[in-house]
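Quick note on labels: first sequence line is chain A, next is B, and so on, each numbered from 1. The structure presented is a predicted model; accordingly, all values stated were derived computationally and were not measured.
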Amino acid sequence: MRRTTVSDALVVAAGTTAADAVAAAGLPSNGPKAIVVVKDPSGRLRDLDWAPAADTEVEPVALDTPDGLNVLRHSTAHVLAQAVQATFPEAKLGIGPFITDGFYYDFDVEKPFQPDDLGKLEKKMQEIVKSGQTFRRREYASLDEAKAELAHEPYKLELVDIKGDVDDSEVMEVGGGELTHYDNIDRKGERVWGDLCRGPHLPSTRLIPAFKLMRSAAAYWRGNEKNPQLQRIYGTAWASRDDLKAYQTRLAEAERRDHRKLGTELDLFSFPDEIGSGLPVFHPKGGVIKREMEDYVRARHIEEGFQYVGTPHISKEGLFHTSGHLPYYKDTMFPPSHMEGADYYLKAMNCPMHNLIYRSRGRSYRELPLRLFEFGSVYRYEKSGVIHGLTRVRGFAQDDSHSYVTAEQAPGEIKHLLNFVLSLLRDFGLDDFYLELSTRDPESDKFIGSDEQWEIATKVLEDVATESGLELVADPGGAAFYGPKMSVQAKDAIGRTWQMSTIQYDFNQPARFGLEYQAADGTRQEPVMIHSAKFGSIERFLGVLVEHYAGAFPAWLAPVQVVGIPIRDDHGDYLQEFADKLRKQGIRAEVDHSTDRMQKKIRTAQQQKIPFMAIAGDDDVSGGTVSFRYRDGSQRNNVPLDEAIAHVVEVVRSRTNAGPTA
RNA sequence: GCCGCCUUAGCUCAGUCGGCUAGAGCGACGCACUCGUAAUGCGUAGGUCGUCGGUUCGAUUCCGACAGGCGGCUCCA
């Protein structure tokens, strides 16, 4: 939080309003820099018509600041609610908070909103904005007064009753220990609308410079599946028209990078209906990327002391009883098939099978840490509504490892894993991370193990996370049933975060499987097991990489690395020889022998985002050279063949994630 | 799983207020062109309009169920 500094502090004199002080200081009241609220010494935002009882130093907050935008967005939500109730008088109000980049408001309406309703509502909102209504705060004297006024708003009534429990940024209706209402007053001084709300708000709707309704969707009341669904309208609002346009450009950019779209365009993968929802197939070009990822990750694991293993896709159900998974995850496992008196499940996790490998013979403390790794195919019956491209599928390969260590070795192993995970992500071009620590919810009975075990395990993860120096975010209640979890969240090229790697401390499964090792003193001890997935799933990570690179993969991952483009047909053989030499060096090189004109071939290669185009015409053939055109449009003409080959090989083998460029 | 919207050629999309041979661009294929840095021209093939059922003289069009997709919600070991 920013500290109030003397230079931008403002004093609101007792008995006068913040607006008076803002005006006296000559601060702007219009445009993106307009002062819309002030921050009091306790850090609380106050409306401009707030009048403190004593002289108070405040910090003016402009519309285009993070706080100012939140106020703008929440105020716009009120305008939306007013427009909805004007258009659909029977609509009951839910909640309407600001969110990242915008706001939403939930309504109980008889019929869900139709796409063209949004346009009508937007128009109505424009009218309200233009009419310059002011927001006026009013405190309820008592609970009963509030209830009487809100008798026709059942959801608001509910909020009034539970106001003590809901005091977070999502629920702006109540909080701060008092019940307040905001009335919208038109230019004639008449009250035209109002809403239970803790505020604060813009001084006037006129200060809403740019907004847009984005979509409507259903949402469960107070986020609980058991509750009725309300109809939610999402909108966005900005301090200027240009900011709104920039936001829309940002959305368009994200859409351009969508891996589902690029997956089709670049012929990487598809989701045949005939196979089933959430079950991708990789085409040859997607297969190349997948294989490169797997080969590299496998090699790095072996370098880091992991042993590559293999396990089947199905198992008798007893295994998942032993591991303890079945009671918790039966709903998300594919139903079993019954064969020869046993129920076989498709596996949804690999750890039980790795435990059996560990247990296959006696283990010595000298073997620890014992690290098992594989690309384990798992199947999870995700609810139909959550399936999304490659990032949420029903069948996928985890780059899964389990480290079996002594309790003393656990911190060192976790540190080792975290560093390894981060270095792998960096190798693939992701380098902006933060960590999340998922702990158990002591209230829930989902989690097994003693308080002490949880405490130790959580502390170990927390210490390593803190030591890493990365930002650490708490995720209470997000742990696995068998132990706490640390996850790496990575930011992609356009700033979106993806949960990638997880490291989990497990003190339950070793006991359930009776895992042990013989210690130096001859006693039998139980190891600790540390689960770790580096990318989470290969499929998901591939999807993230497609979006991160917008399909323009680094040369080492590109499905086709070099394409030869002859100027005339008769330059094709020359380029084919060049390509053959590259292929001998392990480079994926092709020549475009189609009947297209060379300009068209360049366009095609450009659309396929191929890193190197090698062009040759008469000049190059007679000079023994090729001319490079890179993906970014830059060029290097008439490069001698040997040099050209060395250049491509160097760029590919370096695994650089940049370029290539001239 | 819940709510809403959607499904027409390999891809992107027109179209049919229920009626005779359902269109376009890109892609594919063929022919001509042989060209120095993002689309040469002409031609050909390709669709039981997601599936099943209903209404109707007649359904790609209207209704229902199912499947798949999209956007949210919930969930995400």
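Between B:C3, B:U74, B:C35, one nucleotide has an atom nearer to the side chain of A:Lys383 than all others, and that is B:U74. Candidate nucleotides B:C3, B:A39, B:U74 were compared by shortest atom distance to the side chain of A:Glu225, and B:U74 ranks first. Among B:A77, B:U37, B:C35, the nucleotide with an atom closest to any side-chain atom of A:Gln635 is B:U37.
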Protein-to-nucleotide contact annotation, 5' to 3' order, nucleotides 25-30 of chain B [B base; S sugar-phosphate only; - none; under 4.0 Å, heavy atom]:
--S---
Classify every nucleotide of nucleotides 60-73 of chain B by which part a protein heavy atom approaches to under 4.0 Å, writing B for the base, S for the sugar-phosphate alone and - for neither, in 5'-to-3' order.
--------SSSBBB
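With hydrogens and angles ignored, the 3.5 Å screen pairs no side-chain donor or acceptor of A:His531 with any backbone N or O of A:Cys351.
In this model, no donor atom of one side chain and acceptor atom of the other lie less than 3.5 Å apart for A:His593 and A:Asp569. In this structure, a donor-acceptor pair under 3.5 Å is absent between the side chains of A:His354 and A:Thr311.
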Given salt bridge (charged side-chain N to carboxylate O under 4.0 Å, His left out), test A:Arg568 with A:Asp618 step by step and report yes or no.
CA-CA 9 Å; A:Arg568 246 189 357 253; A:Asp618 290 337; 3.0 Å; yes
What's the verdict on side chain to side chain donor-acceptor pair (under 3.5 Å) for A:Lys600 and A:Ser594, showing C-alpha distance, side-chain angles and the deciding distance?
CA-CA 10 Å; A:Lys600 179 65 173 293; A:Ser594 73; over 6 Å; no
Apply salt bridge (charged side-chain N to carboxylate O under 4.0 Å, His left out) to the pair A:Glu253 and A:Arg256, showing each step before the final yes or no.
CA-CA 5 Å; A:Glu253 171 63 16; A:Arg256 190 180 72 78; 3.0 Å; yes
A:Trp498 vs A:Asp492, side chain to side chain donor-acceptor pair (under 3.5 Å): CA-CA, chis, key distance, verdict:
CA-CA 8 Å; A:Trp498 302 88; A:Asp492 73 7; 3.0 Å; yes
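B:A77 atom P lies 15 Å from atom CD1 of A:Ile448, rounded to whole Å. B:G36 atom P lies 16 Å from atom CG of A:Asp592, rounded to whole Å. For the pair A:Met613 CE and B:G36 C1', the computed distance is 14 Å after rounding to whole Å. Atom pair A:Met333:CE and B:C75:C1' shows a separation of 17 Å (rounding to whole Å applied). Taking atom CD1 on A:Ile233 and atom P on B:C5, their separation rounds to 14 Å, with Å as the unit. Distance, A:Leu118 CG to B:C5 P: 13 Å, rounded to whole Å. The interatomic distance linking A:Asn227 (CG) with B:G1 (C1') rounds to 16 Å, in whole Å. If you measure from atom CG of A:Leu262 to atom P of B:C11, you get 16 Å, rounded to the nearest angstrom.
Taking the P atoms as reference points, B:C5 lies 43 Å from B:G43, given to the whole Å. Comparing B:G15 with B:C6, their P atoms are spaced 14 Å from each other, to the whole Å. With P as the reference atom, B:U56 and B:C26 are 45 Å apart, rounded to whole Å. A distance of about 13 Å separates the C1' atoms of B:A45 and B:G27, rounded to the whole Å. Between B:G53 and B:G58, the distance separating the two P atoms is 15 Å to the nearest Å. Comparing the P positions of B:U12 and B:U7 gives an interatomic distance of 13 Å, to the nearest angstrom. When the C1' atom is used for both B:A65 and B:G25, the distance is 36 Å, rounded to whole Å. The separation of B:U8 from B:G46, taken at their C1' atoms, amounts to 14 Å, rounded to a whole angstrom.
When the nearest nucleotides of RNA chain B are assigned to A:Val621 and A:Gln499 by heavy-atom distance, the more 5′-ward of the two goes with A:Val621. Looking at which nucleotide of RNA chain B each of A:Gln114 and A:Ala479 is closest to, the 5′-most match is held by A:Gln114.
Contacts of A:Ala348 with the nucleic acid, taken as non-hydrogen atoms under 4.0 Å apart, include base atoms. Across all strands shown, A:Gln606 has heavy atoms under 4.0 Å from base atoms, whether or not it also approaches the sugar-phosphate. Contact annotation for A:Gln231: backbone-only contact, meaning every heavy-atom pair under 4.0 Å involves sugar-phosphate atoms and none involves a base. A:Glu265 comes within 4.0 angstrom of nothing in the nucleic acid, heavy atoms only. Among the heavy atoms of the strands, none lies under 4.0 Å from A:Glu382. Nucleic acid contact for A:Ser627: base, since at least one base atom lies under 4.0 Å from a heavy atom of the residue. Residue contacts shown for A:Phe481 are absent, as no nucleic acid heavy atom lies under 4.0 Å away. No engagement by A:Thr502 is indicated, since no non-hydrogen atom pair under 4.0 Å with the nucleic acid exists. Counting non-hydrogen atoms under 4.0 angstrom, A:Asp570 reaches nothing in the nucleic acid.
Within the 4.5 Å cutoff, the side chain of A:Gln561 has no heavy atoms near those of the A:Leu582 side chain. Residues A:Arg440 and A:Thr458 form no side-chain contact, since every pair of their non-hydrogen atoms from C-beta on lies 4.5 Å or further apart. Two residues are said to be in side-chain contact when any heavy atoms from C-beta on lie closer than 4.5 Å; A:His402 and A:Arg371 fail this criterion.
Using a 4.0 Å cut-off, some side-chain N or O of A:Lys485 falls inside it from OP1 or OP2 of B:A77. OP1 and OP2 of B:C76 both lie 4.0 Å or more from every side-chain N or O belonging to A:Arg392. The phosphate of B:C75 (OP1 or OP2) has no side-chain N or O of A:Arg380 nearer than 4.0 angstrom.
Ring-centre distance between A:Trp454 and A:Phe507: below the 6.0 Å cut-off. Side-chain rings of A:Phe211 and A:Phe103 stay apart, their centers remaining 6.0 Å or farther from each other. Two rings, from A:Tyr329 and A:Phe320, have their centers 6.0 Å or more apart.
Stacking between A:Tyr482 and B:A77 is absent: the ring centroid is not both under 5.5 Å from the six-membered base ring centre and under 30° in plane angle.
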Intra- and interstrand pairs of RNA chain B - dot-bracket, Watson-Crick/G-U under 3.5 Å, | marks other strand
(((((((..((((.....[...)))).(((((.......))))).....(((((..]....))))))))))))....
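Contact check on A:Glu225 versus A:Lys383 returns a salt bridge, with a Lys/Arg side-chain nitrogen under 4.0 Å from an Asp/Glu carboxylate oxygen.
To the nearest 0.5 Å, the span separating CD on A:Glu265 from CZ on A:Arg260 amounts to 12.5 Å.
Residue A:Asn637 places no side-chain atom within donor-acceptor reach of the base of B:G36, judged by atom type and a 3.5 Å distance cut-off alone. In the interface, the side chain of A:Thr604 is not paired with the base of B:A38 through any donor and acceptor atom under 3.5 Å apart.
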